[in-house]
Amino acid sequence: MTRTAALAPSSASSADLETRERLIDASARLFAERGYSKVTVREICQRARANVAAINYHFGGKSGLYDEVVSAAIRTMQKTTDEIRAAGATKKADEQLAIFVRIFLSRVMEHRDGWIHHLMMQEISDPTPALDRVVKSVVRPRMAYLASVVARLLDCPTDDPRVQHSVMSVQTQCLAMLNDRVAQFQPFAMTPRRITALADHITKFSVAGIRALRR
């Protein structure tokens, strides 16, 4: 049994749980700021006001702690996908696409300064094995849903190359908002009203292009 398992909420003391949460909170921000490889155990413990042995005690080491941080990020990102699915239930395909783009952009901009956004940017620029977990648990299910929406617009199977290319096109437009270097060249501030207008543009642009592929 790992030490983390031994410290399950039902058996861990209140002090243990508080220390554990401080370590997760402190390390999440440090990993987001500098990436996994550039953060030391000592730095995390100092920021969390914990003994230097606390990470081994609670998580079995730095990698175990990072796994916990990534798991928390994955759960949050999965909630966005769940929200997209729920909001689009029973809707027509073009409405589902509009919902996908609007919710995705809104969540990205709401959390642009948060640790999850910056952690994902760190993973993209300097990948760790955790990136595979994010792709498997978040990216693939979300893209599978988007593919099902596009396939309905095209009235074809999801493995049709037109679906795959269209999914890439829609996602690329949305992902441009994630790139801080790209964002700094925008001639406007990303206000809620601007996000709505941009989501509407991406949707209309994409739906028109996708429908043209049916001809």
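Note that the coordinates shown come from a computational prediction; the quantities given were computed from them, not determined experimentally.
Gln122 approaches Ala32 most closely through the heavy-atom pair NE2-O, 3.2 Å. Phe31 and Lys62 get closest at one heavy-atom pair: CE2-CE, 4.1 Å. Scanning both residues, Ile24 and Phe59, for their nearest heavy atoms gives CG1-CZ, 3.7 Å. Between Gln164 and Asp159, the closest heavy-atom pair is NE2-O, 3.1 Å. Taking all atoms of both residues into account, the shortest heavy-atom contact from Ala130 to Val70 is CB-CG2, 3.8 Å.
Distance check: Lys79 NZ to Arg107 CZ gives 12.0 Å after rounding to the nearest 0.5 Å. The CD atom of Glu83 sits 12.5 Å away from atom CZ of Phe104, with the distance rounded to the nearest 0.5 Å. With rounding to the nearest 0.5 Å, the separation of CD1 in Ile116 from OG1 in Thr80 is 8.5 Å. Leu65 contributes atom CG, which lies 8.5 Å from atom OH of Tyr36 (distance to the nearest 0.5 angstrom). Interatomic distance, Ile103 CD1 to Glu110 CD, rounded to the nearest 0.5 Å: 10.0 Å. Asp82 CG to Arg142 CZ: the interatomic distance, rounded to the nearest 0.5 Å, is 9.5 Å.
By the side-chain contact (heavy atoms from CB on, under 4.5 Å) test, Thr40 pairs with Arg42, Glu43, sequence neighbours left out. Qualifying ring-ring contact (aromatic ring centres under 6.0 Å, His included) partners for Phe100, counting only residues two or more places apart in sequence or in other chains: none.
Residues Leu154 and Asp160 fail the side-chain proximity criterion, which asks for heavy atoms closer than 4.5 Å. Residues Met109 and Ser106 form no side-chain contact, since every pair of their non-hydrogen atoms from C-beta on lies 4.5 Å or further apart. In this structure the side chain of Ile55 reaches within 4.5 angstrom of the side chain of Cys45, judged on heavy atoms. Two residues are said to be in side-chain contact when any heavy atoms from C-beta on lie closer than 4.5 Å; Leu23 and Thr19 meet this criterion. Between Ile210 and Val163 the shortest side-chain heavy-atom distance does not fall below 4.5 Å. Two residues are said to be in side-chain contact when any heavy atoms from C-beta on lie closer than 4.5 Å; Trp115 and Val69 meet this criterion. Looking at Leu105 and Ile202, their side chains come closer than 4.5 Å, going by heavy atoms from C-beta outward. When side chains are defined from C-beta on, Glu68 does not count as touching His58, because their heavy atoms never get closer than 4.5 Å.
A donor-acceptor pair under 3.5 Å links the side-chain atoms of Arg29 to the main chain of Asp25, judged by distance alone. Looking at Ser169, its side chain never comes within 3.5 Å of a backbone N or O of His165 through a donor-acceptor pair. No donor-acceptor distance shorter than 3.5 angstrom exists from the side chain of Ser206 to the backbone of Thr203, with no hydrogens or angles considered. In this structure, Arg214 contributes its side chain and Leu153 its backbone to a donor-acceptor pair below 3.5 Å. Judged by distance alone, with hydrogens and angles left aside, the side-chain atoms of Arg133 form no donor-acceptor pair with the main-chain N or O of Ile74 at under 3.5 Å. With Arg22 contributing its side chain and Arg49 its backbone, the two residues share a donor-acceptor pair below 3.5 Å.
Listed by first and then second residue, the side chain to side chain donor-acceptor pair (under 3.5 Å) pairs that reach into residues 84-103 are Gln96-Arg152, sequence neighbours excluded.
The cluster map of Ile, Leu, Val, Met, Phe, Trp and Tyr, joined by side-chain heavy atoms under 4.5 Å apart, puts Tyr145 and Val139 in the same cluster. Val108 and Leu175 fall within the same hydrophobic cluster, where Ile, Leu, Val, Met, Phe, Trp and Tyr residues are linked whenever their side-chain heavy atoms come under 4.5 Å apart, directly or through other members.
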Please test Leu146 against Leu97 for side-chain contact (heavy atoms from CB on, under 4.5 Å), starting from the C-alpha separation and ending with a verdict. CA-CA 7 Å; Leu146 181 55; Leu97 182 59; 3.6 Å; yes

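Between Asp16 and Arg20 no salt bridge is recorded (no basic side-chain N to carboxylate O distance below 4.0 Å).
Side-chain N/O atoms of Arg47 and Ser27 include no donor and acceptor closer than 3.5 Å.
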